[in-house]
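Okay, so here's the structure we're looking at.
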Amino acid sequence: WHGPAFVKSYVGWRDRFSGNIWITPDGTPAIELEVNTDLGDAHILGYIDRIFQMPDGSLKIVDLKAGRTTPTDGLQLGVYGIGLPSSWVRPTTGSYFMARDGSLVGDYDLIAMRSRIEYEFGQAWRDINAGSFLPKETYMCKFCSVRPFCWAKDGEYSEAVKPF
């Protein structure tokens, strides 16, 4: 039921925003652009909401958010940037569009973020392959299907899998 208000918020923001939807080298408008690649041992499948070409020619990834919570970092945007074909020009920055208030949040440097992302994904896969699963508590915990087994959230069955 918030849909019409969110659309109005987006349209108002687009009227004020100076970037234009980027057209990829294969002629596709960069709207809901698929990212389907490997990052280390991890397979990444996602969809970039928008890539804009800015007046200076640079590219900016914009992810549309309708929730109440503002992302705390640009990790998702950086992963998207890495996942684009290597023969394409790389987006240099990324931001989140917050539909509830019509604002653009963050101006993350996606180039500087690349080594951090490669390290974190590599470390995560090493941990997974070693059977080490350290929970990271976030607002998403309330939606998690393994929460009953999570010792960090005192899950009903967590004693059976507690690592200590």
Side-chain heavy atoms under 4.5 angstrom apart, residues restricted to Ile, Leu, Val, Met, Phe, Trp, Tyr: same cluster for [X] and [Y]?
X: L75; Y: M98; result: yes
X: I61; Y: I117; result: yes
X: V35; Y: I31; result: no

Open item on the list: Show, in sequence, the C-alpha distance, side-chain angles and deciding distance for L77 and M113, and conclude whether the side chain to side chain contact (heavy atoms under 4.5 Å, CB included) test is met.
Closed with: CA-CA 10 Å; L77 304 167; M113 189 179 293; 5.8 Å; no
[X] side chain vs [Y] backbone, donor-acceptor pair below 3.5 Å:
X: S95; Y: G106; answer: yes
X: R50; Y: I21; answer: no
X: R114; Y: L110; answer: no
X: S9; Y: R100; answer: no
X: Y96; Y: D73; answer: yes
X: R90; Y: I82; answer: yes

Open item on the list: For F97 and W13, take the angle between the two ring planes, folded into 0 to 90°, and tell me which bin it lands in: parallel under 30, tilted 30 to 60, perpendicular over 60.
Closed with: tilted
- [ ] Look at the aromatic rings of H2 and F6 and report parallel, tilted or perpendicular, splitting at 30° and 60°.
- [x] parallel
Flag the pair [X] / [Y] as yes when at least one side-chain heavy-atom distance between them is below 4.5 Å, and no otherwise.
X: F52; Y: V62; result: yes
X: L84; Y: I48; result: yes
X: P71; Y: K65; result: yes
X: F17; Y: D15; result: no
X: K60; Y: D107; result: yes
X: L59; Y: W88; result: no

At what distance, to the nearest 0.5 angstrom, does [atom1] of [X] lie from [atom2] of [Y]?
X: I44; Y: D38; atom1: CD1; atom2: CG; answer: 8.0 Å
X: I51; Y: N20; atom1: CD1; atom2: CG; answer: 14.0 Å
X: F121; Y: R116; atom1: CZ; atom2: CZ; answer: 10.0 Å
X: L33; Y: Y47; atom1: CG; atom2: OH; answer: 10.0 Å
X: L64; Y: D49; atom1: CG; atom2: CG; answer: 4.0 Å

Closest approach of [X] to [Y] (non-hydrogen atoms, all atoms of both residues):
X: P91; Y: I111; answer: O-CD1, 3.9 Å
X: M54; Y: S18; answer: CE-OG, 3.8 Å
X: T24; Y: A30; answer: CG2-CB, 4.5 Å
X: A66; Y: A99; answer: CA-CB, 4.2 Å

